[in-house]
Amino acid sequence: MKQVTAMGMIRAVVVAVAGVTTMAAGLPAVTFTIQAPSSSAFCGVWQGFGAEWDPWFFSGVNQASGLTQSDWDTVIAPRVQQIGVSMARVWIQLRWCLPVQDSSNDANYTWNTTMMQSLYKYLDFCQANNIHVLLTDWGWAVHPENADGMRLYTSCTDTRYATGMARYIKELVINRGYTCIKYFDIGNEPDNEIIAWYGMANYQTMYRNIHAAMQTAGVRNLVKLIAPETGGVWDTTRTVIRDLKDILDGYCSHIQFDYPENRASGNYWSYWRTSDMVRGWVQQEGDVQWATKPVFRSEMNMAVCNSTFFHCKMDTYDYAIAIADYCTALLMTRTNAGLAWCMHDIKYFETSGGSLMEYGMWRYKDRGWTVRPWGQSFALLNKYAPRGSIQCPVNINTGTRNVTIPTQDPDDGTNFNLFHCAGLRRPDGGMTVFITNANRTNTLPVTLNFSSATVPARQLLKYQIEPGSYGTSSHTVLLVSTVGVVAPAASVTFTMP
C-alpha cells in the first residue's frame with residue numbers, strides 16, 4: 001500500500017505528508033526545524049500554486065463533444081473554487097481577435113469570436129474568484145508553418161505583431177476590466193519555437209517591440225511583462241535574463257520532473273537546484289531588482305513517456321507522489337509560484353475534432369470527470385499554500401549534513417533528493433508544513449521541530465489519501481474528513497512510510 005498523509009488544523013497548522021510505503025529498513029533519522037517566516041530569505045511573498053487553464057471549454061470542438069454550461073457550473077467551477085487555485089496560466093492567440101494582418105485599425109479586431117467568448121468565460125471566473133492570470137500568447141501568429149491556421153506575420157519582429165498584442169491587452173484589461181490579468185508573456189517554450197525559428201536576436205527585438213507597443217497603448221504599467229517560458233534549455237533562459245533584464249518585470253521557466261529513483265541515480269538534477277537556479281542567475285546577471293522580481297515555475301509536469309497529450313503514469317498513484325514531492329521542494333526555494341500542466345482534461349485546437357489533452361487533475365466528460373490521484377495531492381498543496389503565504393527557512397539535520405534552506409544548497413548528491421520539508425505562514429495566520437518521503441525502499445524517521453515563532457497553538461488534524469479510496473471518492477478533489485489528531489507541541493516525532 002502507498003499513501004499520502006496530511007495532518008493539520010486549518011486555522012492553526014497543516015502538515016501534508018506524502019510517502020511511499022515499503023517493508024524495507026528505515027533511513028537515518030532526519031530533523032526538520034521550522035524557523036520564523038521570512039519574505040526576504042525567499043525573495044518575496046509566495047504567489048501560490050495553480051495550473052494551466054486554457055480557454056477551450058466553450059470552443060466548438062468541446063461543445064460538439066457534449067460539454068455544456070451545466071458541466072461548467074456543477075463540475076469545473078466548483079472544483080477550481082474548492083481547491084483554492086491562486087494562479088492560472090491562460091493561452092491566447094492573436095488570430096482569435098485579429099483575422100487580418102493590419103493591427104493599426106480598431107475596426108479590424110473581432111472581439112466576439114467563439115474563442116474570444118470562451119476566453120471571457122475563463123477570465124470572468126478568475127476575476128470573480130481572485131485568481132491571478134498569467135496570460136501567454138503562444139506565438140503562433142509568427143509560426144512559419146501556419147500552425148492551426150494561426151499565422152499572420154512572416155517574422156516575430158514585425159511591429160504589427162507587437163501592436164496587436166498591446167491592443168489585445170488593452171481590450172481585456174482596460175475596456176473589459178479584467179484586472180485579474182497580472183502577468184503577460186509571449187511565446188510558449190521559445191527555445192523550441194520562436195527562438196528556434198528566428199534566433200535569439202530577433203526574439204529579443206520582438207520583446208522590446210512589445211514592451212514599446214504596450215507603453216504606447218497605455219497598458220505597460222498594468223501588467224508585468226515576464227519571460228522566457230523556456231522548456232528546459234537553461235542557456236536560453238540565462239541569456240534572456242542577461243539581455244532583457246532592463247525591460248522584464250519577472251521570469252518564468254518550465255521543467256518536467258522524473259521519478260525519485262532516477263534522481264537518486266544521478267539522471268536528474270535535484271528539485272531544489274533546478275527550481276532555485278533561475279533566481280540565482282537573475283542575481284548573477286546583474287539585475288538590480290533580483291531579490292524582488294517574481295520568478296515562476298510556469299509549467300510543472302512529468303517527463304513525457306507516451307506522447308505530448310498523455311503520460312504513461314498519469315493515472316497512477318506514483319504521479320500523485322511525484323507532484324507532491326516536486327511542489328514541496330519548490331516551496332523550499334526562492335521561486336514564487338508553481339503552475340501544473342494542466343487543470344483538467346480538455347480537447348485542444350479547432351481542427352480534425354481536436355486533440356484530447358489528458359494531463360489534467362480530472363478526466364474528460366466521457367470518463368465522468370473522475371479525479372486522478374494527483375488531483376487530490378495537488379489540491380492539498382493549492383489549498384494550504386495559498387497566495388500571500390510567507391515561507392519559512394527550514395533547517396535540515398541528517399546527523400551528517402546540517403543545512404538551512406534556502407540560504408544553503410542542500411544537495412549533497414545522496415538522500416536529500418528523496419525527502420523534502422517546506423513551511424509557511426498562511427495569510428489567515430495559520431502555519432502549514434509539507435513533508436515528503438519519496439524513497440521507494442525506506443521509511444524515514446522524522447522529528448519536526450517548531451521555533452518559538454511557529455509552534456502550533458492547536459492540535460494537528462491528520463488527513464490521509466490512500467489508493468483504495470479513489471474508487472469511492474473519484475469525484476472528491478479535496479479531502480474534508482480527518483483520520484486522526486496530533487497534540488500541539490514544539491516537537492513532533494513520527495515515521496514517514
Side-chain angles (χ1 to χ4, degrees), residues 52 54-56 59-61 89-104 108-110 113-116 119 134-169 184-214 225-240 243-244 247-248 252-254 256 298-299 304 307-309 341-342 347-355 357:
E52 186 83 15
D54 295 326
W56 297 102
S59 69
V61 67
R89 180 171 177 250
V90 179
W91 169 351
I92 61 170
Q93 295 284 1
L94 188 56
R95 264 288 194 195
W96 295 351
C97 64
L98 185 66
V100 298
Q101 289 186 338
D102 184 7
S103 62
S104 62
N108 291 330
Y109 292 85
T110 304
T113 64
T114 298
M115 284 308 302
M116 291 304 297
L119 173 64
L134 165 56
L135 203 65
T136 301
D137 177 70
W138 226 244
W140 286 1
V142 296
H143 198 303
E145 298 176 357
N146 196 29
D148 205 38
M150 292 291 108
R151 189 183 189 188
L152 284 170
Y153 308 113
T154 58
S155 173
C156 66
T157 61
D158 194 316
T159 56
R160 294 175 296 178
Y161 179 39
T163 301
M165 292 314 305
R167 180 66 183 86
Y168 213 135
I169 297 298
F184 176 60
D185 61 11
I186 308 97
N188 176 64
E189 299 193 353
D191 41 332
N192 300 318
E193 296 192 356
I194 294 179
I195 294 172
W197 302 333
Y198 298 108
M200 176 63 78
N202 286 327
Y203 171 85
Q204 293 185 12
T205 297
M206 175 195 73
Y207 248 89
R208 293 190 180 279
N209 288 345
I210 291 176
H211 167 70
M214 290 174 68
L225 186 62
I226 66 175
E229 293 285 9
T230 43
V233 179
W234 299 119
D235 288 346
T236 299
T237 303
R238 188 160 189 169
T239 299
V240 170
D243 295 344
L244 292 178
I247 65 166
L248 292 178
C252 55
S253 64
H254 305 172
Q256 298 170 332
S298 47
E299 273 190 28
V304 173
S307 73
T308 301
F309 293 93
W341 183 284
C342 50
K347 288 185 178 180
Y348 278 55
F349 313 124
E350 289 292 284
T351 58
S352 304
S355 297
M357 179 63 69

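We use all heavy atoms of the structure for the numbers below, so side chains are in, but hydrogens, waters and symmetry mates are not.
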Legend entry - Closest contact, heavy atoms only, A213 versus A162: CB-O, 3.5 Å
Inset, instruction - Say whether, by atom type as modelled, one donor and one acceptor occur between the side chain of D158 and the main chain of R160 under 3.5 angstrom. - result: yes
Inset, instruction - Working to the nearest 0.5 Å, report the span between CG of L98 and CG of N108. - result: 6.5 Å
Legend entry - Backbone N/O of R151 and side chain of R95: donor-acceptor pair under 3.5 Å: yes
Inset, instruction - Can you measure from CE (M165) to CZ (R167) and round to the nearest 0.5 angstrom? - result: 12.0 Å
Inset, instruction - Any chance you could measure M214, atom CE, to I169, atom CD1, to the nearest 0.5 Å? - result: 5.5 Å
Legend entry - Minimum-distance pair of heavy atoms, taken over all atoms of C97 and M116: CB-SD, 4.0 Å
Legend entry - K347 versus W56, closest heavy-atom pair with distance: O-CB, 3.5 Å
Legend entry - Distance (rounded to the nearest 0.5 Å) between L94 CG and D137 CG: 6.5 Å
Legend entry - Contacts of type ring-ring contact (aromatic ring centres under 6.0 Å, His included), residue Y153, not counting sequence neighbours: none
Inset, instruction - Could you tell me which non-hydrogen atom of E52 sits nearest to which non-hydrogen atom of C342, and how far apart they are? - result: O-CB, 3.5 Å
Legend entry - Close side-chain approach of T236 to P228, heavy-atom, < 4.5 Å: no
Inset, instruction - Ignoring hydrogens and angles, tell me if any N or O in the side chain of Y203 forms a donor-acceptor pair with the backbone of A196 under 3.5 Å. - result: no
Inset, instruction - Search all heavy atoms of V90 against all heavy atoms of L119 and return the closest pair with its distance. - result: CG1-CD1, 3.8 Å
Inset, instruction - Measure the shortest side-chain to side-chain distance between V240 and L248 over non-hydrogen atoms and say whether it is less than 4.5 angstrom. - result: yes
Inset, instruction - State the CG-CG distance between D102 and L152, to the nearest 0.5 angstrom. - result: 11.0 Å
Legend entry - Matching residue for H143 among W138, Y198, W197, Y161 - test: ring pair (Phe, Tyr, Trp, His ring centres under 6.0 Å): W197
Inset, instruction - Describe, in one word, how the ring planes of W140 and F349 are oriented to each other, choosing from parallel (under 30°), tilted (30 to 60°) and perpendicular (over 60°). - result: parallel
Inset, instruction - Kindly say whether I186 contributes a backbone atom to a donor-acceptor pair with the side chain of Y207 at under 3.5 angstrom? - result: yes
Legend entry - Name of the residue among T205, I194, D191, I195 meeting side chain to side chain contact (heavy atoms under 4.5 Å, CB included) with M200: I195
Inset, instruction - Could you check R238, R208, Q204 and say which one makes a side chain to side chain donor-acceptor pair (under 3.5 Å) with D243? - result: Q204
Inset, instruction - Working to the nearest 0.5 Å, report the span between CG of D185 and SG of C252. - result: 4.5 Å
Legend entry - Minimum-distance pair of heavy atoms, taken over all atoms of D54 and R89: OD1-O, 3.7 Å
Inset, instruction - Check whether any side-chain N or O of T157 sits under 3.5 Å from a backbone N or O of N202 as a donor-acceptor pair, and report yes or no. - result: no
Legend entry - Any donor-acceptor N or O pair under 3.5 Å, side chains D148, Y348: no
